[in-house]
Amino acid sequence: MVVVFQIIMALLLILLIILISFRIGRPKRHTPLPENYKELLNDYVKFYRALDEENKEAFEKRAEQFLSGIKITGVQAEVEDLDKILIAAGAVIPVFAIPDWQYINLHEVLLYPGAFNTDFDQHGTDRSIAGMVGTGPLQNVMVITKWQLRQGFINNNDNRNTAIHEFVHLIDKMDGTTDGVPEIILERKYVAVWRKLMDETIVQMKAYGSDIDLYGATNTTEFFAVVSEYFFEQPELLQQQHPDLFTMLERIYKTQQSGVVVSV
Ligand SMILES: [Zn+2]
C-alpha cells in the first residue's frame, strides 16, 4: 500500500516538474500583429505612411491593442495577415487622435469572401455586400467582405473605405443611438450645428447630386459614415469642396487639436 502511494506521489511530482518546465520554457505571449506588420502597413495604409515615426509607433501600438481584444473569424474565407492589418487599420484610423479609445461594443469581426446574405441590418444597393454592423443576437459583431476590405485600402483615388465606414457606425452607436451624431466624441455645443449641416447637405445631395457618395443621402447614419470615409480618404478634396463638413469632422475626430495629419 505504502509503495503504491509512493509511486503515485513520484508520478505526480514528475508531472508537476514537466508542467513547470513547460511553462517556463514557453516563449512570452507574442504580439497579435503579423511578423511583417510594418511592411504591410507601409504598403497598404496611406494614412500610416503619412505619419511621422513617433505617430507610426503609436499607430502600431493601437493596432496591436485592437487585435489582442477582438476575434477575427473567417467565414468560408481565410483570414490572412493582410486582412488582420487592414481591419485593425480601419479601426484605428477614425479614432487615432482620440486617446484611450476602445471599441467596447465590438467583440468579433467576421470576414466573408465576397457577397453575403444574412439577417444582418442590410444596407441598400451595392453597400449591402460590403459590410455591416450586427444587430439583435449579432450585437457586437461586424461583418466585412475580404474583397471590399482590400479595395478600400488599395484604391486610393476614391473616397470609399468600407472598414472605416463600418467602424464609424460603431463609434456612432457607442452613445446608444445610431443616428449620425457621435455624442460620445462630439462636444455638446456642436450637436445641433452638426445635425443641421447633415440635414441640409442631404437635401442638397438629393436635389442636385454630389461628389459625396449618394448612399450617404439615405439617412444621417449613412451620411456620417460615408462622409467620414471621404474625410479620411481624401481630406484635401473634402476641405476644398465642403469646408463646413471638413471643419465639423475635424472637431468630431479631434484631428485638428492633435496635430495629426489626416492623410496625404
Ligand atoms: Zn452603413
Side-chain angles (χ1 to χ4, degrees), residues 32-34 37 40-41 43-48 59 62-96 101-156 158-174 178 182 213 215-216 218 221-233:
L33 288 174
Y37 68 93
L40 293 175
L41 284 168
D43 287 352
Y44 290 92
V45 183
K46 189 173 69 160
F47 181 96
Y48 172 86
F59 191 98
R62 299 280 291 268
E64 184 179 4
Q65 277 165 359
F66 175 83
L67 288 174
S68 59
I70 305 287
K71 200 171 146 195
I72 301 176
T73 310
V75 182
Q76 289 163 352
E78 189 197 339
V79 182
E80 294 170 64
D81 287 346
L82 178 59
D83 303 313
K84 288 185 200 164
I85 280 292
L86 296 185
I87 291 170
V92 173
I93 289 169
V95 293
F96 186 58
W101 177 273
Q102 290 221 16
Y103 287 98
I104 51 169
N105 51 358
L106 182 70
H107 297 157
E108 187 174 16
V109 176
L110 300 181
L111 187 70
Y112 278 68
F116 55 84
N117 190 9
T118 67
D119 295 333
F120 278 83
D121 184 18
Q122 292 265 6
H123 293 153
T125 65
D126 59 330
R127 291 276 179 170
S128 62
I129 57 158
M132 52 194 64
V133 171
T135 53
L138 291 167
Q139 197 80 253
N140 304 322
V141 176
M142 175 186 288
V143 174
I144 196 158
T145 67
K146 197 164 169 156
W147 192 81
Q148 289 282 357
L149 171 69
R150 292 184 176 202
Q151 279 305 308
F153 287 94
I154 292 166
N155 188 349
N156 286 324
D158 62 2
N159 45 29
R160 301 271 297 258
N161 185 306
T162 301
I164 291 177
H165 180 104
E166 297 308 324
F167 280 103
V168 168
H169 279 326
L170 284 182
I171 295 165
D172 185 6
K173 204 178 178 186
M174 204 79 113
T178 317
D213 185 344
Y215 183 65
T218 311
T221 303
E222 295 309 332
F223 179 84
F224 177 47
V226 163
V227 91
S228 296
E229 289 176 74
Y230 193 161
F231 179 69
F232 289 108
E233 289 279 298

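Throughout, numbering of the chain's residues begins at 1 and tracks the sequence. Since this is a predicted model, take the numbers as computed values, not measurements.
Note: N161 CG to S228 OG = 11.0 Å, rounded to the nearest 0.5 Å. How far CG of N159 is from CD of E229: 7.5 Å, rounded to the nearest 0.5 Å. With rounding to the nearest 0.5 angstrom, the OH atom of Y48 is 10.5 Å from the CG atom of D43. Atom CD1 of I87 is separated from atom CG of L82 by 9.5 Å, given to the nearest 0.5 angstrom. In this structure, the separation between CG on L41 and NZ on K46 is 15.0 Å, given to the nearest 0.5 Å. Expressed to the nearest 0.5 Å, how far CG of L110 lies from CD1 of I72 amounts to 10.5 Å.
The side chain to side chain contact (heavy atoms under 4.5 Å, CB included) test applied to N140 returns N105, H107, not counting sequence neighbours. Residues that satisfy the side-chain hydrogen bond (donor to acceptor under 3.5 Å, both in side chains) test with T73, not counting sequence neighbours, are E108. With sequence neighbours excluded, the residues satisfying side chain to side chain contact (heavy atoms under 4.5 Å, CB included) with I70 are F66, L106, V109. When the side-chain hydrogen bond (donor to acceptor under 3.5 Å, both in side chains) test is applied to Q102, no partner is found at least two apart in sequence or on another chain. In this structure D158 satisfies the side chain to side chain contact (heavy atoms under 4.5 Å, CB included) test together with N155, R160, E233, sequence neighbours excluded.
Contact detail for P94 and F167: the closest heavy-atom pair is CG-CB, 4.5 Å. When all heavy atoms are compared, the tightest approach of A225 to V168 is CA-CG1, 3.7 Å. When all heavy atoms of L149 and A163 are compared, the pair lying nearest together is CD1-CB, 3.8 Å. Here the closest heavy-atom approach between residue G74 and residue V79 is recorded as N-CG2, 3.3 Å.
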Before giving the answer on side-chain contact (heavy atoms from CB on, under 4.5 Å), spell out for E222 and H169 the whole-Å C-alpha distance, their side-chain angles and the decisive distance to 0.1 Å.
CA-CA 8 Å; E222 295 309 332; H169 279 326; 3.2 Å; yes
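You'll find the side chain of Y37 stays beyond 4.5 Å of the side chain of L40, heavy atoms only. T145 is not listed as a side-chain neighbour of L111, based on a closest heavy-atom distance of 4.5 Å or more. With contacts defined as side-chain heavy-atom distances shorter than 4.5 Å, the pair W101/M174 qualifies. Counting only heavy atoms from C-beta outward, the side chains of P182 and F224 approach each other to under 4.5 Å. Here the side chains of T162 and I144 are in contact, with some heavy-atom distance below 4.5 Å. Proximity of E166 to Q148: side-chain heavy atoms (C-beta onward) are nowhere separated by under 4.5 Å. Y103 places a side-chain heavy atom less than 4.5 Å from the side chain of V95.
Put simply, the side chain of Y215 never gets that close to the backbone of V226: no donor and acceptor are under 3.5 Å apart.
Under the 6.0 Å cut-off for aromatic ring centres, Y44 and F153 do not qualify, their centroids lying 6.0 Å or more apart.
Screening residues 141-151 for salt bridge (charged side-chain N to carboxylate O under 4.0 Å, His left out), with sequence neighbours left out, gives E80-K146, E80-R150, D83-K146, D83-R150.
Taking the six-membered ring where the residue is Trp, F96 and F59 present tilted rings, their angle falling between 30° and 60°.
Atom CD1 of I104 sits in a sparse spot, with 12 or fewer heavy atoms from other residues, nucleotides or ligands closer than 6.0 Å.
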